[in-house]
Number of protein chains: 2
Amino acid sequence: MAQGKNAFYAQSGGVTAVINASACGVIETARSNRQQIGKVYAGRNGIIGALNEDLIDTSLESKTTITALRHTPAGAFGSCRYKLKSLAESAAEYERLIEVFKAHNIGYFFYNGGGDSADTCLKISQLARTKGYPIQAIHIPKTVDNDLPITDNCPGFGSVAKYVAVSTREASFDVASMAKTSTKVFIVEVMGRHAGWIAAAGGMASDRKTEIPILILFPEIPFERKSFAAAVTRKIKRFGYCSIVVSEGARDTTGRFLADQGLKDAFGHTQLGGVAPVVAGMIRDDLGLKYHWAVADYLQRSARHIASKTDVDQAYATGRAAVEFALAGKNAVMPAIV
Amino acid sequence: MAQGKNAFYAQSGGVTAVINASACGVIETARSNRQQIGKVYAGRNGIIGALNEDLIDTSLESKTTITALRHTPAGAFGSCRYKLKSLAESAAEYERLIEVFKAHNIGYFFYNGGGDSADTCLKISQLARTKGYPIQAIHIPKTVDNDLPITDNCPGFGSVAKYVAVSTREASFDVASMAKTSTKVFIVEVMGRHAGWIAAAGGMASDRKTEIPILILFPEIPFERKSFAAAVTRKIKRFGYCSIVVSEGARDTTGRFLADQGLKDAFGHTQLGGVAPVVAGMIRDDLGLKYHWAVADYLQRSARHIASKTDVDQAYATGRAAVEFALAGKNAVMPAIV
C-alpha cells in the first residue's frame, strides 16, 4: 500500500488532563489515512524531541495502546517549555529541524499547545517558503487558561473548570458545616495567570437550588483590600461563612501580583504561587476571622479522575480535525471549537 | 405501636466525605427498631444543638432523604469544635443537657467524632451514675487522621487516603511529562497533625508497574534538612523528577512544626498551614531546582466525588453498629472496625 509522508506530533507547555486525547485523535485519524500519512512520530519532550532526533514511532504501538491515550493523564510523550526564536535569530535550530524532518520524511507537523506553540507552528509553516522545505504545520489548541483567540474554548480548560467547581462546592459544604464554631472563610487559589476563566469556574459551585457564598478574585479586576473585606463581611453576615476563589494572577491596583515569588520561567513569565496565604493574612488582620486556605496548583490540571467528558471529546476532535486539515492541504491553521 | 425512648445524634469536629453515611446508618437502623428507639433528633451544629435545644427531628424526613445521606458530603446537620469540660468543671452544662434530654425523652446518645468526642461521650455515659439520668452513650468513630485507638482504621480516613494517592499520582505524571525543561520537584501538603497515615497514603501513588519517586515527610519522623536534600537529589538523578508528600505536622529535630502560624483552635491545638511553601523554599535554596507546590487542605477531606466505597460502607456500618449496641443495652462503648 502506498504511504504518504510521515507526521510529527509534539506536546508543548503545561500538560492537561486531556492533551493525550488530542494525541489519540491525531494518531487514530492518521492511521485511517495511511495512503496520505505514513507514520506518526511523536517528539519526546515536545519540540526538543525533534531537535535531538529523539522520536517515538507510534506505529509500533498497538491499536489498544493508542485508544488508551484518550484516557491517559498528563503528557504521554513528554512536553517541554522551549520557545523557538525567529527564523533569523535561530537559523541553526531551524536547519536542524529540517535535517531531522528530512531524515524521517516528515511532511506534517502537529503542535499541541497554547499561544507560544501557535507561534512556533507559524514559523514551521513558513519553512516551505523560507527554506524550501515542504511541510504543513497545524496547531492543535490546548491550554487550561482558556485564553486562546478564535476558538470558543480551549481543550484542557473544561476539566480544570469542573475540578475547581466541584472542589469549591465540596469545600464550601465542609465550611458551612463547621462555621458556627470554627472556620468561616475558605480560600482556594487556582491557576490562570492573565485570564480569569478558571477562577470564574468556581462560581459554578453555586446554583439556584443550593446557593453558596463565593467571592472570586480575577486577574482582570484590580484587587481593592477595603471593598474586598466589606464583601466578605456581607457574605458572612448573610450565610455565616464565605468561600473565596482567587486567581494566581490577582493583582493590586498598581498592577503588581498579590503574590510574586520573583522567579521567571523559560519564557520570561513571572513564576507565581502563594496568593492564597496572602489573602488569608488579610482575612486574619482585617477581619479577625478563622480561615483555611488551599492551593490547587498542579492538582487542578492533572485531575484526570474528574475530567470533563465534553473536554475529552473536544480534545479528541481537535486532534482529528488537525489531521483532516492536513489531508485537505492546509497549512498554518488551527482547528477551533465553535 | 409502642415506641422506645428517643435518640440524640450529633457530629463533632472536622467533617469528612463520609460522616453522613454514619448518620444514615444510625437513622435507618433506628427506624427499623421503632419499638425500642422512637425518634432520632440530630443536634444542629453538634453538641451545641443539644445545649441550645436546637434539634432536628429526623423523623420528619422521607426515607429517600435519609437514604441520600449516605451520599451527601460534609456534615448534614452541622458540626462543631466544642469540648465539654469535666462534670465538676462544667456542672451547669451537664444540667442543661439533662434538661434538654428530659424534655425530648432522650435515652440514647450517639456522638460521631474523634478522640475529643469519645471523651465527651464517656462523660455523658456517666450521667446515669453521677446525675441519676438514665442514658446510654455510644461513640461512633470518625477522623481523617486515622489516629483512634482500638479500631483498625477510622471512617473518613479511607477517602482522604484515596484522594491523596490519586492526586499524588496524577500530579506526578504531570511533573514527569514536564521535568526535562520545567518543574522537577512537586510538593503537596496534606493533613495529619500528629499521625502520618494521610501522608503515607501518598505512597500508594506508586506501584510496581508504574514506579513514581515519592518522598514522604511524616510528623513522627524528625525532619533533617541535609538528608532530605540528599534524598531529593538521589530521586532526581534516577527519575528526573521527585514528588514530595509532606504532613502539615512535619517537625524539625527540636520538635518544632516546620510551619507554625501561631494560632490555636478551640481545643488549644496549634493551627497549622503552609509547610509546603517552607519545603519549596528549601528546594530552591539548597538545590536550585524548579518546584511547584500545592496545599490540599479541606479539598482532601471534603472530596466526596472520589470517596472510597470501603470507607462509605464502613462509615455506614459503624453507625448501624452503634444503634445495635444501644439496643443490646451497652453504654460507654464504640463500635470498632476489626
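Since this is a predicted model, take the numbers as computed values, not measurements. In what follows, every heavy atom counts, from backbone to side chain, and hydrogens, waters and symmetry copies are set aside. Below, chain A is the first sequence line, B the second, and so on; all start at residue 1.
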**Message:** Measuring from atom CD of B/Glu170 to atom OH of A/Tyr163, what distance do you get when rounded to the nearest 0.5 angstrom?
**Reply:** 9.0 Å
**Prompt:** Could you state the interatomic distance from OG1 (A/Thr168) to OH (B/Tyr298), rounded to the nearest 0.5 Å?
**Reply:** 14.5 Å
**Request:** Check each atom of A/Ser182 against the heavy atoms of chain B and say whether the ones under 4.5 Å are side chain, backbone, both or neither.
**Result:** side chain
Tell me which of these, [options], has more heavy-atom pairs under 4.5 Å with chain B than the rest.
options	value
A/Gln300, A/Lys180, A/Arg304, A/Met178	A/Met178
A/Thr16, A/Val175, A/Asn45, A/Val188	A/Asn45
A/Ala179, A/Gly78, A/Ser172	A/Gly78

**Message:** Does A/Val15 form a side-chain contact (heavy atoms from CB on, under 4.5 Å) with B/Phe173? I'd like the steps, not just the answer.
**Reply:** CA-CA 10 Å; A/Val15 296; B/Phe173 287 155; over 6 Å; no
**Prompt:** Does some side-chain heavy atom of A/His305 sit less than 4.5 Å from a side-chain heavy atom of B/His305?
**Reply:** yes
**Prompt:** Closest approach of A/Thr181 and B/Cys80, non-hydrogen atoms and distance?
**Reply:** OG1-CA, 3.3 Å
**Prompt:** Between B/Ala296 and A/Ala294, which heavy-atom pair has the shortest distance, and what is it?
**Reply:** O-CB, 3.8 Å
**Message:** Shorter than 4.5 Å, heavy atoms on both sides: which option in B/Ile48, B/Val166, B/Thr72, B/Ile306 has the most such pairs with chain A?
**Reply:** B/Ile306
**Request:** Identify, with sequence neighbours excluded, every residue that meets side-chain hydrogen bond (donor to acceptor under 3.5 Å, both in side chains) alongside A/Ser177.
**Result:** none
**Message:** Which label fits A/Trp293 and B/Trp293: parallel for a plane angle under 30°, tilted from 30 to 60°, or perpendicular past 60°?
**Reply:** perpendicular
**Prompt:** Is it the backbone or the side chain of B/Ser79 that comes under 4.5 Å from a heavy atom of chain A, or both, or neither?
**Reply:** both
